[in-house]
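Only this structure's heavy atoms are used, side chains among them; waters, hydrogens and symmetry mates stay out. Chain naming here is simple, since letters A, B, ... match the order of the sequence lines and numbering starts at 1 in each.
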Amino acid sequence: MSNLDDDLRTLLHGYAGEQGAAVDLVSAWDELDARLDRSRAARTRNRWGVAVAAAAAVALVAGALVTLHGRDSTMPPVDPTRSLVPWTGGSTQGKPSLGIPSWTTSAKPAVLGDTLVSWAQDSCRTACPEGKDRKLTVLVAQAVADRGTGGTSLLFGSGLPYSGYSASIEALRGTPGITMSRWNFVQTAQTLTAITVSITASRDVAGALGCPGLGAVGDCESLWAGTRTALAVVDIGHLPMAIWTTENSGADAEAQDAELRAMVESLRLTGLPSSCTSIMPDPLVRTDCLPDLWRRIERDSWIASHGKDLTQGQVDAVWGTYAVQMGEPGGYPGAWSYARGPGFDPTSTRDWTAVWTLSGTSTTGHVCMAGQNVVIQPDHC
Amino acid sequence: VSELTTASTSADLPAEPRAAVTALFQHHYRRLVGLASLMVDDRGSAEEVVQDAFEGLYRSWGRLRDPHSAVTYLNRSVVNGSSSRLRRLRTERTFDPPPPGTAPSAEVEGIADGRRAALLEAVKALPRRQREVVVLRYFLDLSEEQIADWLGISRGSVKTHASRAIDTLNVRMEAWA
């Protein structure tokens, strides 16, 4: 293969990676969401034009009646417990600060290490009188339950990727007794990307919401029959942060979703090196964040695998998108280089090595290939 | 990358079209904008092409024989949409190189700043068809046969376009040899 062939591949992947990384995903989703709504509405109009016209007429009459009789009686009362109060958690995984529902001030938080904190308004965990059972949980998930075997497992050897956690939630769709909304996108106060979904359960699913550590399914967070969960997954780097509220499924779903959205939009993370908390499209990488870069390469490789065995070339291409960004203004501030180890073969699925040199410090990354997963570590595979 | 052209997401796609499109958006939107950006000249146009592709997929969902072909559908829609957009402009556009300071400050896998910018400019200045062939070959890793199928041209034409493109790029890059 000529140098020009190599250069073209590198150039095209790098340039495409830059352009993709610069996308404002939240705005893009909002635009597409609206287009899909319009598309669905157009189809509905075509099929049910007459019925829609009749319904619109009824709605007009109903609206006029509402106006005549005053709007106040139709407006839901403002729920004072939906207001948010500031909260800052202490965690070695990054200190989160966000607004949480004011009812939590009268609840004693349950804390497990530095990965889980939760508040419960009532002791009942399943169906309770409406509005009397609320739970808020903030979890930096370390593992997901392997629902097939009843144990817990890490999707990755050295950290649960954001996408892996999201996939474990998405896998609940279609489970009997579980109804899920579509995913939405929200940006945190620091413009990190979060995705949100609601899950209504008519049966228990043990360990469905992730685990604060390795152990038994009983240590993991579950879905309970008769409840509705509004959940957000925030990409905080090498691990996912999940924030969710659980209420009786008869509670005000719209208000619950709005409350979660407000919480996520207020979220700030401090306590990690700033370069480790910035997520694409603005990843900065420092020497002390090299493992964080590796986690991102692992995560993105997993996404790129699409369920098939990864090749060395695919992992290498994922790294290439970060390499381009490190070279951009605001990227890595010092000198850096990357070298593939001897015997690199882009079509091979065998383990290999690469050497990252950041500001004069070289670190060999052993790239351990494991099917659709890859683990990069300083030790031999 | 070639697997991206045929495979779906690693997890099974949701059966409900809206949920499936959401999952695909989450996994593929950025990559597809990257692909479109290689074929049209600005990211705004690229995003419009990709939005069109997702909307088209949503409308066509019921007609997909296999939901797992959705990623292929998206890739082809983006390629076709980019091509149509450029064709509508009726003129081959040339690429404005990025302003100084936006190129990488370090070497990326051996491509120095100046050479990278020059090569990018040269690719973007290729005639539309040649540029499409180069992107499909070097970005999506498609075979000549697949490229011919995607672009609706003969395999011989693919060879010709590829050969002319490489010749042009070699000439443009002689100064950097």
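- Side chain to side chain, A/Thr200 and A/Thr179 fail the donor-acceptor criterion of an N or O pair below 3.5 Å.
- Contact count against chain A (heavy-atom pairs under 4.5 Å) is highest for B/Phe25 among B/Tyr29, B/Phe54, B/Phe25.
- Top candidate by heavy-atom pairs under 4.5 Å with chain B, chosen from A/Gly313, A/Ala28, A/Ala339, is A/Ala28.
- Under a 4.0 Å N-O distance rule, the pair A/Arg38/A/Asp33 does not qualify as a salt bridge.
- Note on ring orientation: taking the six-membered ring where Trp is involved, the planes of A/Phe185 and A/Trp29 are tilted (angle from 30° to 60°).
- For B/Ile166, the parts lying under 4.5 angstrom from a heavy atom of chain A are both the backbone and the side chain.
- Contact annotation for B/Val50: neither backbone nor side-chain heavy atoms come within less than 4.5 Å of a heavy atom of chain A.
- Between the side chains of A/Tyr338 and A/Asp316, at least one donor N or O lies within less than 3.5 Å of an accepting N or O.
- Residue contact with chain A, scored on non-hydrogen atoms closer than 4.5 Å, involves the side chain of B/Glu47 exclusively.
- Across B/Asn170, B/Val135, B/Leu35, the residue that shares the most heavy-atom pairs under 4.5 angstrom with chain A is B/Asn170.
- Residue-environment remark: CZ (B/Arg18) exceeds the threshold of 12 foreign heavy atoms within 6.0 Å.
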